[in-house]
Student: 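Here it is: the structure, laid out below.
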Amino acid sequence: MSELSARAASSSFPETANAEAEATKLNQGALEFMLGAQRMMFEEMIFFGDQMLERTRTEMHLFTEFLAKMAAAHSVRDIKTMCQECGQHQLDFCRRDSERLFKHGERMIAATSNLINGRSLN
């Protein structure tokens, strides 16, 4: 009878160790996922702040340029030319901004996919 309980005890020990190792592995994966998600959110906040600052600088530059050209315009033809040039600059700015946001979106999708698949973010 003692042989039987010794076998039962010895056979349950590897199962317990295996279950503990599996639980540890799952916890490690969950921890890596949470830290990766936290890192991505922090990087997004930094990116957002930088982009808003850059956008504000560009808008201020365009507005200053518009005011300078408006002050230099002396005729209706000059005002028309100035409006066309400033409108073109604004369209170029919107195009560059959209391209930058699109590239950032692609990068975020790739980083999220890597995070979900358990690969490194970099």
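Index from 1, following the sequence.
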Student: What's the separation between atom CG in L67 and atom SG in C86, rounded to the nearest 0.5 Å?
Tutor: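 It comes to 9.0 Å.
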
Student: Keeping the roles fixed (side chain from N117, backbone from S113), state whether a donor-acceptor pair exists under 3.5 Å.
Tutor: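 The answer is yes, because a donor-acceptor pair under 3.5 Å joins these two groups.
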
Student: In terms of hydrophobic clusters joined by side-chain contacts under 4.5 Å, are I79 and L62 together?
Tutor: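 Hydrophobic grouping puts I79 apart from L62.
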
Student: Verify the cluster assignment for L101 and F48: are they in a single hydrophobic cluster under the rule of side-chain heavy atoms below 4.5 Å apart?
Tutor: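 Per the 4.5 Å side-chain linkage, L101 and F48 are not co-clustered.
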
Student: Can you tell me how far apart CZ (R96) and CZ (R100) are? Round to the nearest 0.5 Å.
Tutor: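 Interatomic distance, R96 CZ to R100 CZ, rounded to 0.5 Å: 7.5 Å.
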
Student: With rounding to the nearest 0.5 angstrom, report the CE to CD1 distance, M41 to I46.
Tutor: 12.5 Å

Student: Mind checking whether E106 and F102 have side chains closer than 4.5 Å, heavy atoms only?
Tutor: yes

Student: With hydrophobic residues grouped by side-chain heavy-atom distances under 4.5 Å, do I116 and M40 end up in a single group?
Tutor: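 Result: yes, single cluster for both.
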
Student: Got a salt bridge between R95 and E99, using NZ or NE/NH1/NH2 to carboxylate O under 4.0 Å?
Tutor: yes

Student: Taking salt bridge (Lys or Arg N to Asp or Glu O under 4.0 Å) as the cut-off, I'd like each qualifying pair that reaches into residues 77-92, sequence neighbours left out, listed once.
Tutor: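 Salt bridge (Lys or Arg N to Asp or Glu O under 4.0 Å) check on residues 77-92 returns K69-E85.
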
Student: First locate atom CE of M60, then atom OG1 of T58, and finally report the distance between them rounded to the nearest 0.5 Å.
Tutor: 11.5 Å

Student: For F47, what are the other residues in its hydrophobic cluster, where any two members join if their side-chain heavy atoms are less than 4.5 angstrom apart?
Tutor: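 Reading the cluster by chain and number, F47 sits alone, since nothing else belongs.
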
Student: Assess whether salt bridge (charged side-chain N to carboxylate O under 4.0 Å, His left out) is satisfied between R57 and E54, documenting all intermediate values.
Tutor: CA-CA 5 Å; R57 275 192 206 134; E54 183 63 31; 3.5 Å; yes

Student: Which pair of non-hydrogen atoms, one from L115 and one from E32, has the smallest distance, and what is that distance?
Tutor: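 Minimum heavy-atom contact is CD1-O, 4.4 Å.
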
Student: Got H89 and F66 here, is their nearest side-chain heavy-atom distance under 4.5 Å?
Tutor: no

Student: Flag yes if more than 12 heavy atoms outside H104 fall under 6.0 Å of its NE2 atom; otherwise flag no.
Tutor: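 Yes - once you tally the heavy atoms of other residues, nucleotides and ligands closer than 6.0 Å, there are more than 12.
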
Student: To the nearest 0.5 Å, what is the distance between CE (M82) and CD (E65)?
Tutor: 10.5 Å

Student: For M34, is the CE atom crowded, meaning more than 12 foreign heavy atoms sit under 6.0 Å from it?
Tutor: no

Student: Hey, could you give me the CG/CE distance between D50 and M45, rounded to the nearest 0.5 Å?
Tutor: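 Going from CG on D50 over to CE on M45, the span is 12.5 Å.
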
Student: Is it the case that the side chains of Q88 and Q84 hold a donor-acceptor pair, with the cut-off being a distance below 3.5 Å and no angle test?
Tutor: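 Judged by distance alone, the side chains do not pair up.
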
